Amino acid sequence: MPQMIDAPRTAPIEHHDRRVAARNTPAPAPHASTAVAPISVVVPCFRCSRTIGDSIASVYAQTLRPAQVILVDDASPDDTVAALHAVAAQYPPGWVEVVELANNGGPSGARNAGWERATQPYVAFLDADDTWVPTKIELQMRALRADPDIALLAHRMLVRDRREPAPAPPREARTQIVPRRRLLLNNPFPTASVVLRRDLPFRFDENYRRVEDFLLWGQIGFSGYRCAKLDQVLAYWHKANYGAGGLSEDLKAMHRAGREVRRELLRQGLVSYPEHLFARSIGMVRKARQRMLLALRRATEGGATS
């Protein structure tokens, strides 16, 4: 069953195929602003003591700083809880809240627990091993103020080695409305890029531990809420995606979860059967392509070591 709460406080906005190309005005230099963004940041944490410091430092370094940060420990069996409290103590009192879950429920459960603690009109998500570009929140809030009907706003992300110097942060970005048909192709919204309205009547489905984010984005977008994406890279992954290290089982699990999500969206009546068939065919093409790339990578690595 979908994770839902009471009816939304405002009616959904129908998607339009038009693209919003209004360019944002230049952002001030990093660290120049002391204003606060009406955003609660939710970070699911599991065995993340080595990376959580960098992640929260990137939130504090925002030119428009979020009002609240919620670190949710998902019953980590190591020293993660102690590390979270140590990180919280480095910042102004009350800015970082640590939530300790008694049982491990996966990222969906941890994000939902943080969402319930959120006090701000918007919720942003960050994973404990990712980081944000300093102007991320400022550019997203600028877009949301320009178009208050946007219910979900994301942006581009890239993989970057932590040891590499970060590029200069973008000072402007274009906002593009994401039409319904785009969601049939693949997941256009990396989790650590998303800011959404806190009052949306959906939550992460805790029955899913993979592709759980796309199920939620699909429920939002296919229900008629306005979704958008900025054309700039405003956050970084610091580890390779599934399968990049040659783990074919990860790829199989991800594709299996993707099939389950597509079936769930069909079962909920959010996509039509022709749309489901189209999305399934795209998924099969993507699966074949990734298998081919994985085989080529293994062949190249084998040749290099022979």
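Computed from heavy atoms alone, side chains included, the values below leave out hydrogens, waters and symmetry copies. What you see is a predicted model, and the numbers here were worked out from it, not measured in a lab.
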Could you please spell out the steps behind the salt bridge (charged side-chain N to carboxylate O under 4.0 Å, His left out) verdict for Glu275 and Arg181?
CA-CA 9 Å; Glu275 287 177 324; Arg181 61 179 178 273; over 6 Å; no
What's the spacing between Thr63 OG1 and Arg171 CZ if we round to 0.5 Å?
9.5 Å
Under 3.5 Å: donor-acceptor pair, side chain of Trp217, backbone of Asn187:
no
Check each of Val72, Ile70, Val42 against Arg117 using the side-chain contact (heavy atoms from CB on, under 4.5 Å) test, and report the only one that passes.
Ile70
Taking all atoms of both residues into account, what is the closest heavy-atom pair of Ile52 and Cys45, and its distance?
CD1-SG, 4.1 Å
Kindly give the heavy-atom pair with the smallest separation between Pro44 and Ala110, and that separation in Å.
CB-CB, 3.7 Å
Do the ring centers of Trp95 and Tyr60 come within less than 6.0 Å of each other?
yes
Under a 3.5 Å distance rule, please check whether Glu164 uses its side chain to pair with a backbone N or O of Arg160 as donor and acceptor.
no
If only side-chain N and O atoms count, and only distance matters, is there a donor-acceptor pair under 3.5 Å linking His155 with Lys136?
yes
Passes salt bridge (charged side-chain N to carboxylate O under 4.0 Å, His left out), Arg142 versus Glu172? Steps please.
CA-CA 10 Å; Arg142 191 173 298 155; Glu172 56 184 29; over 6 Å; no
Return yes if some donor-acceptor pair links the side-chain N/O of Ser108 with the main-chain N/O of Asp205 below 3.5 Å, else return no.
yes
Just do the side-chain contact (heavy atoms from CB on, under 4.5 Å) check on Leu270 and Ser223 with the steps written out, would you?
CA-CA 7 Å; Leu270 295 175; Ser223 293; 3.6 Å; yes
Between Ser40 and Ala118, is there a donor-acceptor pair closer than 3.5 Å when you use the side chain of the first and the backbone of the second?
no
Can a donor-acceptor pair be found, under 3.5 Å and without considering hydrogens, that links the side chain of Ser55 to the backbone of Asp130?
yes
Do Phe125 and Phe204 make the cut of ring centroids closer than 6.0 angstrom?
yes
Side-chain heavy-atom pair Val98, Asp73 within 4.5 angstrom cut-off
no
Given Val59, which partner from the list Thr131, Val41, Val96, Ile137 fulfils the side-chain contact (heavy atoms from CB on, under 4.5 Å) test?
Val41
Is the shortest side-chain N to carboxylate O distance from Asp54 to Arg162 below 4.0 Å?
yes
Answer yes or no: is there a donor N or O on one side and an acceptor on the other, between the side chain of Arg226 and the main chain of Asp149, under 3.5 Å?
no
Please examine the side chains of Pro170 and Leu139, heavy atoms only from C-beta on, and report whether any two atoms are closer than 4.5 Å.
yes
Is there a chain of hydrophobic side chains (I, L, V, M, F, W, Y, each step under 4.5 Å between heavy atoms) that links Phe46 to Ile56?
no
Taking NZ, NE, NH1 and NH2 as the nitrogens, is one of them in Glu264 or Arg267 under 4.0 Å from a carboxylate oxygen of the other?
yes
Hey, what do you get for CG (Leu184) to OG (Ser272), rounding to the nearest 0.5 Å?
8.0 Å
Count the heavy atoms belonging to other residues, nucleotides or ligands that lie under 6.0 Å from CG of Asp161, then report whether that count exceeds 12.
yes
For the pair Gln62 (side chain) and Val133 (backbone), establish whether a donor and an acceptor sit closer than 3.5 Å, ignoring hydrogens and angles.
yes
Beyond-backbone contact of Val123 with Ile39, side-chain heavy atoms, under 4.5 angstrom:
no
I need the Ser281 OG to His276 NE2 distance, nearest 0.5 Å.
10.0 Å
Do Glu206 and Glu212 come close enough that some side-chain heavy atom pair is under 4.5 Å?
no
Give, for atom OH of Tyr122 and atom CG of Asp199, the distance between the pair rounded to the nearest 0.5 Å.
9.0 Å
side-chain contact (heavy atoms from CB on, under 4.5 Å) between Leu196 and Ile220, intermediate numbers included:
CA-CA 10 Å; Leu196 50 70; Ile220 294 170; 4.1 Å; yes
Does Arg256 reach the side chain of Arg210, with side-chain heavy atoms less than 4.5 Å apart?
no
Any side-chain to backbone donor/acceptor pair from Asp127 onto Asp129? Under 3.5 Å, distance only.
no
Any side-chain heavy atom of Tyr225 within less than 4.5 Å of one from Phe202?
yes
Ala67 and Gln120 have their tightest heavy-atom pair at CB-CD, 3.6 Å
Looking only at heavy atoms, which two atoms of Gln140 and Ser193 are closest? And how far apart?
NE2-O, 3.0 Å
Roughly how far, to the nearest 0.5 Å, is the CG atom of Asp74 from the CD atom of Glu100?
12.0 Å
Is the side chain of Asp231 donor-acceptor paired with the backbone N or O of Ala173 at a distance under 3.5 Å, no angle test?
no
Quick one: are Tyr208 and Pro107 in side-chain contact, heavy atoms under 4.5 Å?
no
Between CD1 on residue Ile177 and CZ on residue Arg182, distance to nearest 0.5 Å
14.0 Å
Ignoring hydrogens and geometry, is there a side-chain-to-backbone donor-acceptor pair from Arg198 to Trp115 under 3.5 Å?
no
Are any of the side-chain heavy atoms of Pro77 and Arg47 separated by less than 4.5 Å?
yes
Considering all heavy atoms, the nearest Ser58-Trp132 contact:
OG-N, 3.0 Å
Output, in order, the C-alpha distance, side-chain angles, deciding distance and verdict of salt bridge (charged side-chain N to carboxylate O under 4.0 Å, His left out) for Asp213 and Arg111.
CA-CA 10 Å; Asp213 54 347; Arg111 292 189 186 110; over 6 Å; no
Of the non-hydrogen atoms in Val211 and Gly258, which two are nearest, and what is the gap between them?
CG2-N, 3.9 Å
Test item: side-chain donor near acceptor, Gln219 and Gln268, under 3.5 Å:
yes
In terms of heavy-atom contacts, does CZ of Arg50 have more than 12 from other residues, nucleotides or ligands at under 6.0 Å?
no
Single-linkage hydrophobic cluster Val178~Ile282, side-chain heavy atoms < 4.5 angstrom:
yes
